[in-house]
Structures are given as C-alpha cells and as structure tokens.
A.B. asks: 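Following this message is one structure expressed as structure tokens.
All residue numbers in this chain count up from 1 along the given sequence.
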Amino acid sequence: MILLDNQSTTDIFCNKDFVTGIHTVKGRVSVKGNGGTLTTNLKAYVKGHGKVWFSENAMTNIVSVASVVKKGHRITYDSARGGAFVVHKPRRKILFNRHPNGLHYFDPVAKLSISARA
C-alpha cells in the first residue's frame with residue numbers, strides 16, 4: 001500500500017516493487033515518526049509521481065500531500081461520499097480510500113484508480 005499523509009513533508013518508500021532506479025545521492029534525509037528516526041541517502045523513482053526517498057527500513061510507503069500539491073495536482077475529499085481522498089491527475093484520478101484504521105491508502109496492485117472521465 002501507499003499512504004497519503006497530510007502531516008508528512010517527505011515522500012519515502014520501502015517497497016522495491018513500487019520503485020525503479022534506486023541510487024545513492026550526496027545528501028540525505030532524516031525522517032522522524034512514531035518508529036523513531038530513519039536516515040537514508042537513497043532515492044528512487046515512482047512511475048507517475050517522480051523521485052522519492054527510499055529505505056527498506058521505512059515503516060511504509062508514504063506520499064505527502066505537500067508533494068502532490070507541489071506537483072500541481074488537486075486533491076479533494078468528501079466525508080459524505082465514502083471518505084476517500086481523490087488526487088486529480090491529467091489523465092486519471094487516484095483514490096486514496098479510508099482504511100478501517102483511519103489511514104488513507106492506494107493499493108497499486110489492486111489498481112484502485114478511476115479514469116479521468118469519472
């Protein structure tokens with residue numbers, strides 16, 4: 001799963017199946033969260049999103065709301081209509097559905113996206 005995180009300022013992935021081109025960079029990032037602090041100097045590429053930080057030690061795959069908006073994509077949410085966040089991309093919409101635990105996720109394996117016509 002990939003989480004959409006409105007409190008994160010960093011995109012970081014841990015699943016090699018969701019990225020390509022993992023490589024070492026000169027800089028590094030330290031991410032602080034409930035699991036402690038994680039530092040990495042690896043970056044990778046996520047198709048349709050771009051460069052992200054990468055560490056197999058990260059707790060999950062995270063895309064920050066801040067980075068999605070910075071890329072020029074609109075995000076909408078309607079709690080009365082299923083409680084999903086919708087990322088509006090040029091050719092499609094991506095649904096980040098609400099998990100029973102309250103987090104919003106996209107499952108790239110299940111391809112929970114809808115076409116731009118929806």
A.B. asks: With rounding to the nearest 0.5 Å, note down the distance linking NZ in K89 to NZ in K71.
C.D. replies: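 K89 NZ to K71 NZ: 8.0 Å, rounded to 0.5 Å.
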
A.B. asks: Which atom pair, heavy atoms only, marks the closest approach of S30 to T37?
C.D. replies: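 Nearest pair, atom of S30 first, then T37: CB-CG2, 4.1 Å.
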
A.B. asks: Report the distance from atom CG of D107 to atom NE2 of H99, rounding to the nearest 0.5 Å.
C.D. replies: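 Taking CG in D107 and NE2 in H99, the distance rounds to 10.0 Å.
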
A.B. asks: Once salt bridge (charged side-chain N to carboxylate O under 4.0 Å, His left out) is applied, do any residues pair with K16, and if so which ones, sequence neighbours excluded?
C.D. replies: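 With neighbours one apart ignored, the set is E56.
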
A.B. asks: Does the separation of the ring centres of Y77 and F85 fall below 6.0 angstrom?
C.D. replies: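 Yes: the rings meet the under 6.0 Å criterion.
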
A.B. asks: From N97 CG over to L103 CG, what is the distance, rounded to the nearest 0.5 angstrom?
C.D. replies: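 Spacing of CG (N97) from CG (L103) equals 12.5 Å.
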
A.B. asks: Does a side-chain heavy-atom distance below 4.5 Å link R98 with H104?
C.D. replies: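 They are in side-chain contact.
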
A.B. asks: Examine V46 and I94 and state if one hydrophobic cluster contains both, with Ile, Leu, Val, Met, Phe, Trp and Tyr joined whenever side-chain heavy atoms are less than 4.5 Å apart.
C.D. replies: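 Yes; tracing contacts between hydrophobic side chains, which count when under 4.5 Å, links both residues.
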
A.B. asks: Which pair of non-hydrogen atoms, one from T40 and one from W53, has the smallest distance, and what is that distance?
C.D. replies: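 Minimum heavy-atom separation between T40 and W53: O-CZ3, 3.7 Å.
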
A.B. asks: Hey, is the main chain of M1 close enough, under 3.5 Å, to the side chain of N61 for a donor-acceptor pair?
C.D. replies: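 Yes; at least one donor-acceptor contact below 3.5 Å.
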
A.B. asks: Just how far is it from atom CE of M59 to atom CG of L38, taken to the nearest 0.5 Å?
C.D. replies: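 The distance works out to 10.5 Å.
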
A.B. asks: If you group Ile, Leu, Val, Met, Phe, Trp and Tyr by side-chain heavy-atom gaps below 4.5 Å, do I22 and F13 land in one group?
C.D. replies: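 Yes; F13 is reachable from I22 via cluster members.
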
A.B. asks: Is there a path of hydrophobic side-chain contacts, each under 4.5 Å between heavy atoms of I, L, V, M, F, W or Y residues, that connects V69 with V52?
C.D. replies: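 Yes, V69 connects to V52 through the hydrophobic network.
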
A.B. asks: Is a side-chain donor or acceptor of D5 paired with a backbone partner of V63 at a separation under 3.5 angstrom?
C.D. replies: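 It does not hold such a pair.
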
A.B. asks: Check whether more than 12 heavy atoms from other residues, nucleotides or ligands sit under 6.0 Å from atom CG of N101, and answer yes or no.
C.D. replies: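 Count over threshold, so yes.
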
A.B. asks: Any idea which heavy atoms bring L95 and F106 closest together, and the distance?
C.D. replies: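 Scanning both residues, the minimum pair turns out to be O-CD1, 3.6 Å.
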
A.B. asks: Which pair of heavy atoms, one from V87 and one from H73, lies closest together, and at what distance?
C.D. replies: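 Nearest pair, atom of V87 first, then H73: CG1-CB, 4.1 Å.
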
A.B. asks: Taking the side chain as every heavy atom from C-beta outward, state whether V86 and I75 have any atom pair closer than 4.5 Å.
C.D. replies: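 Answer no - side chains too far apart.
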
A.B. asks: Tell me whether Y45 is reachable from V25 by hopping between hydrophobic residues (I, L, V, M, F, W, Y) whose side-chain heavy atoms are closer than 4.5 Å.
C.D. replies: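 No, V25 does not connect to Y45 through the hydrophobic network.
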
A.B. asks: Quick check on the hydrophobic clustering: are I2 and I12 connected, directly or via other members, by side-chain heavy-atom contacts under 4.5 Å?
C.D. replies: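 Per the 4.5 Å side-chain linkage, I2 and I12 are not co-clustered.
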
A.B. asks: Measure across F54 and A44 and return the closest heavy-atom pair with its distance rounded to 0.1 Å.
C.D. replies: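 Answer, listing the atom of F54 first, then A44: CB-CB, 4.1 Å.
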
A.B. asks: Cut-off 3.5 Å, side chains only: do S64 and S8 have a donor facing an acceptor?
C.D. replies: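 The criterion, which ignores hydrogens and geometry beyond distance, is not satisfied for S8 and S64.
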
A.B. asks: Verify whether one side chain among D11 and H49 offers a donor that lies under 3.5 Å from an acceptor in the other.
C.D. replies: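 Per modelled atom types, D11 and H49 side chains form a pair under 3.5 Å.
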
A.B. asks: Is there a side-chain contact between V68 and L4, using heavy atoms and a 4.5 Å cut-off?
C.D. replies: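 A side-chain contact under 4.5 Å exists here.
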
